[in-house]
Amino acid sequence: MTDWPLFAFRRRAYVRRGWRWHKVPEGACDEIRARLGADGPLTTKELGGAKASADWWDWSDHKIGIEWLLDIGEVVCVERVGWRRVYDLAERAVPGDLLALDLDDDACLTALVARAGRALGVATRGDLADYYRIKQDQVDRVIEATGLVPVEVAGWTQRAWADPGALESTPKGRHATVLLSPFDSLVWDRARASRVFGFDHRLEAYVPKDKRVHGYFAMPLLAGGRLIGRVDPAREGRTLIARQVSMEPWATRTAARTESSATALATALWRAAEWVGCDDVRVERTTLPADLLKTALTTTAPA
């Protein structure tokens, strides 16, 4: 909620444009304001329905109106019921001190780019822009005021900036061993994941089955601060199944690395099993030695 003032620049941009995806129907917004004011928080369905027809893109006037008021900051989503947003007037939901704080565009952008830099540690202008989905020329406009410092990164051809705090001490190496969602923030920006980790990831859910390399919903395997492979998961009853395990070539280049990778994989699989209420793990396809993986699964299994 404290970030509310920082996105005033985006709300004002929508106001200047006058629409986002759909032209805003006359009268709908006035009706929605009145309903929310009188009845309190409501879903789109309660306001009059989301669709004008069965077509997925064909929003009703009420849906267009409420989303527009959300875009420009007159209403906010205060909770969700299932997947449905519940909307209320911003003046009722946003604390008064935040609602009254009117930052200009450059102040908003400076704060957001600085936050992006701190979160990423080191970043290109494209990385900084993608973090809050702003434009690269907006990054350029405020970069000098953010406190981020220009740096050179070995192997990077683009200019980069770093958070001074990240340069003050050597990283402590606190690493998790875990399977990541394909949509995890660590790998969401595919170009950055490739540049930082040397890991080229692609969601193959929409790739024809016979052309998939790593599997339908392959989850990157994070271990030791590196992305060392992928697991395509499934579930049968209370058994978590790794349909396919694909390790990065370097992760099995030596006997020591192969053993370490097997242990990391087993650890991540048992943790994933716990998430989904499974008490057994089975691996169907992998290039890891079967006896080594069996030992790793046994030694890392929950007591």
Side-chain angles (χ1 to χ4, degrees), residues 116-124 126-131 151 153-158 160 162-163 166 170-207 211-235 240-276 281-289 292-293 296-297 300:
R118 288 195 298 271
L120 295 170
V122 62
T124 65
D127 296 338
L128 294 169
D130 183 73
Y131 197 82
V151 294
V153 181
W156 290 19
T157 58
Q158 299 167 287
D163 170 29
T170 303
K172 298 187 182 301
R174 295 176 296 166
H175 300 306
T177 300
V178 67
L179 296 181
L180 300 176
S181 161
F183 307 109
D184 189 274
S185 59
L186 192 69
V187 294
W188 172 257
D189 185 337
R190 307 300 194 221
R192 179 175 169 86
S194 179
R195 190 179 347 108
V196 174
F197 295 99
F199 189 83
D200 296 310
H201 189 63
R202 179 187 184 191
L203 180 65
E204 297 180 336
Y206 304 106
V207 175
K211 295 184 179 180
R212 292 175 192 152
V213 176
H214 302 294
Y216 176 81
F217 196 77
M219 301 177 72
L221 172 57
L222 176 68
R226 304 185 73 176
L227 296 168
I228 69 171
R230 301 166 179 81
V231 173
D232 187 34
R235 177 180 174 174
L240 177 75
I241 301 169
R243 289 173 175 155
Q244 179 174 326
V245 175
S246 308
M247 306 302 296
E248 292 290 273
W250 61 264
T252 57
R253 194 162 289 153
T254 65
R257 284 186 177 179
T258 301
E259 182 176 359
S260 176
S261 295
T263 301
L265 171 64
T267 300
L269 289 175
W270 282 119
R271 287 180 176 172
E274 183 180 1
W275 300 340
V276 296
V281 168
R282 185 171 82 242
V283 178
E284 291 186 344
R285 296 190 303 278
T286 179
T287 55
L288 290 168
L292 187 64
L293 183 54
L297 287 169
T300 59

Distance-only donor-acceptor check, side chains Glu259 and Ser261, under 3.5 Å: no
Thr124 and Asp127: side chain donor to acceptor below 3.5 Å: yes
Smallest separation among heavy atoms of Pro182 and Met219, with atom names: CD-CG, 4.4 Å
Leu265 CG to Thr300 OG1 distance, which is reported to the nearest 0.5 Å: 8.5 Å
Distance, nearest 0.5 Å, that separates CG of Leu179 from OG1 of Thr267: 10.5 Å
Student check: side-chain heavy atoms of Leu120 and Asp163 closer than 4.5 Å: no
Side-chain ion pair, Glu248 and Arg230, N-O less than 4.0 Å: yes
Flag, side chain of Arg212 to backbone of Val207, donor-acceptor distance under 3.5 Å: yes
Test salt bridge (Lys or Arg N to Asp or Glu O under 4.0 Å) applied to Asp130 - qualifying residues, sequence neighbours left out: Arg133
side-chain hydrogen bond (donor to acceptor under 3.5 Å, both in side chains) partners of Arg118, counting only residues at least two apart: none
Spatial distance of atom CZ (Phe217) from atom CZ (Phe183) [nearest 0.5 Å]: 5.0 Å
Val213 backbone acceptor or donor facing Glu204 side chain under 3.5 Å: yes
OG1-CD1 distance between Thr177 and Ile228, expressed to the nearest 0.5 angstrom: 7.5 Å
Salt bridge (Lys or Arg N to Asp or Glu O under 4.0 Å) evaluation trace for Glu284 with Arg282: CA-CA 6 Å; Glu284 291 186 344; Arg282 185 171 82 242; 3.4 Å; yes
Spacing of Leu240 atom CG and Arg271 atom CZ [to the nearest 0.5 Å]: 14.0 Å
Straight-line distance of Leu227 CG to Leu186 CG, nearest 0.5 Å: 5.5 Å
Partners meeting side-chain hydrogen bond (donor to acceptor under 3.5 Å, both in side chains) with Thr258 (sequence neighbours left out): none
Arg226 side chain vs Ala223 backbone, donor-acceptor pair below 3.5 Å: no
Backbone of Arg192 reached by a side-chain donor or acceptor of Asp189 within 3.5 Å: yes
Minimal non-hydrogen separation, Gly229 against Phe199, with atom names: O-CZ, 3.8 Å
Close side-chain approach of Arg243 to Pro233, heavy-atom, < 4.5 Å: no
Any donor-acceptor pair under 3.5 Å from Asp232 side chain to Tyr216 backbone: yes
